[in-house]
Amino acid sequence: MTVTITHEGAIAVVTIDNPPVNALSQALRQGLVEAVSAIDADTSVSAAVLICAGRTFIAGADVSEFGKPPVPPHLPDVVAGIEGASKPWVAAIHGSALGGGLEVALGCAYRVAVASASLGLPEVKLGLVPGAGGTVRLPRLIGAAAAVDLVTSGSPVDAAKAAAMGLIDAVVEGDLLPAAIAFAREAADKLGPQPISERAVVPVEDDFWERAEKVVAAKARREIAPLRALACVRRATEADFSTAMAFERETFLELRGSAQAAALRHVFFAERAAPRPPELAGVAPRAVRSAAVVGGGTMGAGIAAALRDAGLPVVLVERDEAAVERGLANISQIFDASVKRGRISPDVAAERLAGVVGTDDYGLLADTDLVIEAVFEDLAVKRAVFAKLSEVCRADAVLATNTSYLDPDEIGEGLARPERFLGLHFFSPAHVMKLLEIVPAQATAPDVLAAGFALARLLGKIPVRAGICDGFIGNRILKVARAQAERLLLSGATPAAVDAAMRAFGLPMGPFEAQDLGGLDIAAFQRKAARERGETPFAPVADRLCAIGRFGQKANAGWYDYRPGERTPQPSDVVAAIIAEEAAGRPQKTWDDAAIADAIVLPMVNEAALILDEGVAVRAADIDLVKIHGYGFPRWRGGPMHYAQARGLAEVVAILDRLSASGLAEPPCAALRRAAEDNGFTPPGGP
Ligand code: NAI
């Protein structure tokens with residue numbers, strides 16, 4: 001049974017048991033309606049406790065019902081039923097009370113929670129608004145300002161914060177059930193609170209909504225749900241309960257069918273699937289309980305911090321004592337910044353740093369389970385590191401390279417026990433960025449590959465398997481995007497116009513601003529290496545900028561000029577002159593935002609189709625995750641592959657054909673044309 005009723009004297013205990021997260025399935029909703037009737041009719045009962053078995057309170061909607069026609073009883077009616085019960089219900093919360101779960105709790109007369117519980121309305125993260133009175137009851141309970149924060153951010157709060165804002169009535173010390181029963185006994189003896197639906201909202205200041213709208217719009221960056229959620233809270237404060245409920249429901253139903261909700265659902269499911277790829281089902285990962293990082297520069301320090309954040313003991317190996325000190329200082333800076341942002345306490349920071357042993361002695365790695373190499377991007381240096389690791393590490397230790405562009409098979413050549421070797425490609429800053437490309441080398445054993453995925457789970461990262469090619473999935477597509485951005489410059493667009501168009505598309509930054517921030521030198525170095533290999537990378541303007549030392553913000557000059565000490569990009573006459581010289585003799589045209597975005601994004605899709613066809617990516621959705629979590633592709637567009645499918649692959653092919661006819665892009669590849677005909681991407685070997 002999903003919902004059962006037991007009795008503790010005059011208190012009815014309603015227990016929900018719907019593993020794994022007590023999601024609000026139809027059976028659960030039905031069970032709750034029946035429980036209300038049964039308890040109302042039972043004269044021996046004076047109050048009820050609503051509690052969940054397993055690891056959490058109701059953690060939200062049943063995702064398996066997504067996209068299907070809703071089956072009664074509908075959640076708003078269930079919540080209304082609990083609120084209208086003739087005896088007080090006490091929600092006893094542990095784990096997460098999210099979305100519909102919190103809305104059910106808002107139907108109860110009281111809410112108590114253990115200290116570790118979290119409560120929130122994450123619907124906006126799926127492109128929705130709450131659908132069962134969340135936006136209407138919350139302002140009546142905690143006031144408009146706190147309700148706006150909770151509903152428009154989608155972020156949960158912990159029990160202490162929930163108590164402070166009046167969202168719950170008590171934080172329970174010790175065992176939840178007996179405490180909730182005791183609370184219910186007291187509640188039964190007194191006059192209950194007014195149902196939330198009957199309460200008035202405390203009025204807000206005159207300009208409150210205007211200000212809130214500005215803040216929410218700026219954060220939402222063209223995502224529609226947060227502003228629609230704000231509108232619901234506003235309506236809840238200005239209209240009577242039932243009008244506001246109708247408005248919320250209408251908004252919910254409208255958004256449920258929206259393109260953004262479809263995209264966000266796609267990403268949600270892709271993220272859920274990513275940590276456990278079906279190809280590795282049943283493969284037990286090689287155990288990783290301790291880790292080491294070789295190289296304590298930008299990436300090594302970030303990786304070491306991420307490993308410590310996840311609780312692993314870490315050895316940091318550097319070249320000499322001075323470099324060890326620098327590496328440890330880099331890690332220390334990361335933890336200090338977390339303290340400044342209020343993410344961790346100074347004590348926790350000290351404990352995390354103390355868990356890193358810095359050394360220039362590889363001998364300390366004799367018993368380490370996992371070693372991640374993050375030294376200079378130089379084949380000879382990396383090979384020398386792995387030769388040493390071969391000597392000192394345990395035969396079953398997992399050895400990984402964080403290379404961006406080198407071929408892991410070449411790095412691992414000559415390694416003893418090559419089955420333990422793989423690529424683990426982190427993104428900068430490594431303790432923040434969620435993406436982890438996992439790159440099996442030729443000899444990588446399945447349990448070592450599985451260890452990569454297990455590590456990602458431990459670090460809270462999104463793992464994506466990538467095959468070996470220049471740049472793996474993410475940087476290979478990035479290269480195409482950058483080349484396209486330069487093609488646009490040669491045919492009439494300015495850096496500022498391209499950047500503005502890509503921001504309008506939803507990226508946090510345009511391609512030229514981003515290069516200035518990161519520095520133009522790394523890509524220049526890669527182009528040099530590519531030319532030495534006989535390739536012909538296309539970056540006529542960037543090459544000239546690098547030749548005169550315009551490496552970006554760090555040089556106060558890159559694609560833009562920067563005033564000393566400032567980071568605001570200023571259009572540069574020098575750059576404009578170089579562009580004009582490079583563009584001489586080429587046809588010029590005027591570009592609007594949409595045309596610019598097409599000329600950059602659709603060639604990315606074309607490259608992605610090749611990547612999928614070559615088997616470098618296993619699934620189209622994996623490519624979406626790479627671009628969203630590694631490169632700022634707007635989540636609400638679902639990633640480039642989802643975007644292309646939603647746009648229509650035939651249209652994508654037609655636009656690429658037009659661009660390529662004018663020399664502005666490569667022609668669409670056969671795989672993309674095939675996908676357009678099949679109406680979807682299927683990797684080789686079937687779906
Ligand atoms: P970095 O130059 O900041 O750090 C490299 C560190 O390795 C230095 O501290 C150096 O002292 C140390 N090192 C060099 N040889 C060593 C040896 N034999 N033994 C021990 N330590 C040694 O470089 P960064 O940016 O951290 O890059 C490291 C690796 O990560 C490269 O392969 C790079 O391609 C890759 N990567 C870089 C990303 C980035 O955004 N910077 C992103 C993803 C990967």
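First listed ligand is number 1; within each ligand, the first listed atom is number 1.
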For ligand 1, does Leu406 get within less than 4.0 Å through its side chain, its backbone, both, or neither, judged by non-hydrogen atoms? neither

Check: Tyr405 ring centroid to Phe525 ring centroid under 6.0 Å: no

Report yes or no: does Phe426 have a heavy atom closer than 4.0 Å to ligand 1? yes

Can you confirm whether something in the protein, heavy atoms only, sits under 4.0 Å from atom 9 (O) of ligand 1? yes

For ligand 1, which atoms sit closer than 4.0 Å to a heavy atom of Gly297? 3 (O), 4 (O), 6 (C), 9 (O), 26 (O)

Side chain, backbone, both or neither: which applies to Arg326 and ligand 1 if a contact is any heavy-atom pair less than 4.0 Å apart? neither

Aromatic Phe505 / basic Arg637 pairing, under 6.0 angstrom, 45° off normal: yes

If the threshold is 4.0 Å, N to carboxylate O, is there a salt bridge linking Arg531 and Asp543? yes

Could you list which atoms of ligand 1 come closer than 4.0 Å to a heavy atom of Val294? 19 (N), 20 (C)

Would Trp559 and Gln515 count as having a side-chain donor-acceptor pair, cut-off 3.5 Å? yes

Should Arg394 and Asp367 count as an ion pair when the cut-off is N to O under 4.0 Å? yes

Need the ligand 1 atom indices (1-based, order shown) with element for anything under 4.0 Å from a heavy-atom of Val381. 15 (N)

Would you indicate which of Leu424, Val375, Thr403 comes nearest to atom 31 (C) of ligand 1 when only heavy atoms are counted? Val375

Could you find the nearest protein heavy atom to atom 30 (O) of ligand 1 and give me its residue, atom name and distance? Asn402 ND2, 2.9 Å

What atoms of ligand 1 come closer than 4.0 angstrom to any heavy atom of Gly295? 7 (O), 12 (C), 21 (N)

Distance from atom 16 (C) of ligand 1 to nearest protein heavy atom, with residue and atom: Arg319 CG, 3.2 Å

For Ser404, atoms of ligand 1 separated by under 4.0 Å from a heavy atom: 33 (C), 34 (O), 35 (C), 36 (N), 37 (C), 43 (C), 44 (C)

Identify the protein heavy atom lying closest to atom 27 (O) of ligand 1, giving its residue, its atom name and the separation to 0.1 Å. Met299 CG, 3.9 Å

Counting from 1, what ligand 1 atoms have a heavy atom of His425 closer than 4.0 Å? 43 (C), 44 (C)

Closer than 4.0 angstrom, basic N to acidic O: yes or no for Lys382 and Glu377? yes

In terms of residue, atom name and distance, what is the protein heavy atom nearest to atom 21 (N) of ligand 1? Glu318 OE1, 3.3 Å

Between Thr298, Ile303, Val385, flag the one that comes closest to atom 18 (N) of ligand 1 by a heavy atom. Val385

Mark up the atoms of ligand 1 that fall under 4.0 Å of a heavy atom belonging to Lys382, in ascending order. 31 (C), 32 (O)

Please give me the minimum heavy-atom distance between Ala274 and Leu625, naming the atom from each residue. CB-CD1, 3.7 Å

Walk me through whether His425 and Phe427 qualify under ring-ring contact (aromatic ring centres under 6.0 Å, His included). CA-CA 7 Å; His425 186 214; Phe427 288 72; 4.6 Å; yes

Is a donor from one side chain sitting under 3.5 angstrom from an acceptor on the other, for Ser572 and Arg550? yes

Heavy-atom contact check, 4.0 Å cutoff: does Ala374 meet ligand 1? yes

Please list the nearest protein heavy atom to atom 40 (O) of ligand 1 with its residue and the distance rounded to 0.1 Å. Ser428 CB, 3.4 Å

Logged contact type for Tyr362 with ligand 1, heavy-atom cut-off 4.0 Å, is side chain

Would you check if there is a donor-acceptor pair between the side chains of Asp624 and His266 at a distance under 3.5 Å? yes

Both conditions, 6.0 Å and 45 degrees, for the charged tip of Arg487 above the ring of Phe538: are they met here? yes

When you check the gap from the basic side-chain N to the acidic O, do Arg352 and Asp309 get nearer than 4.0 Å? yes

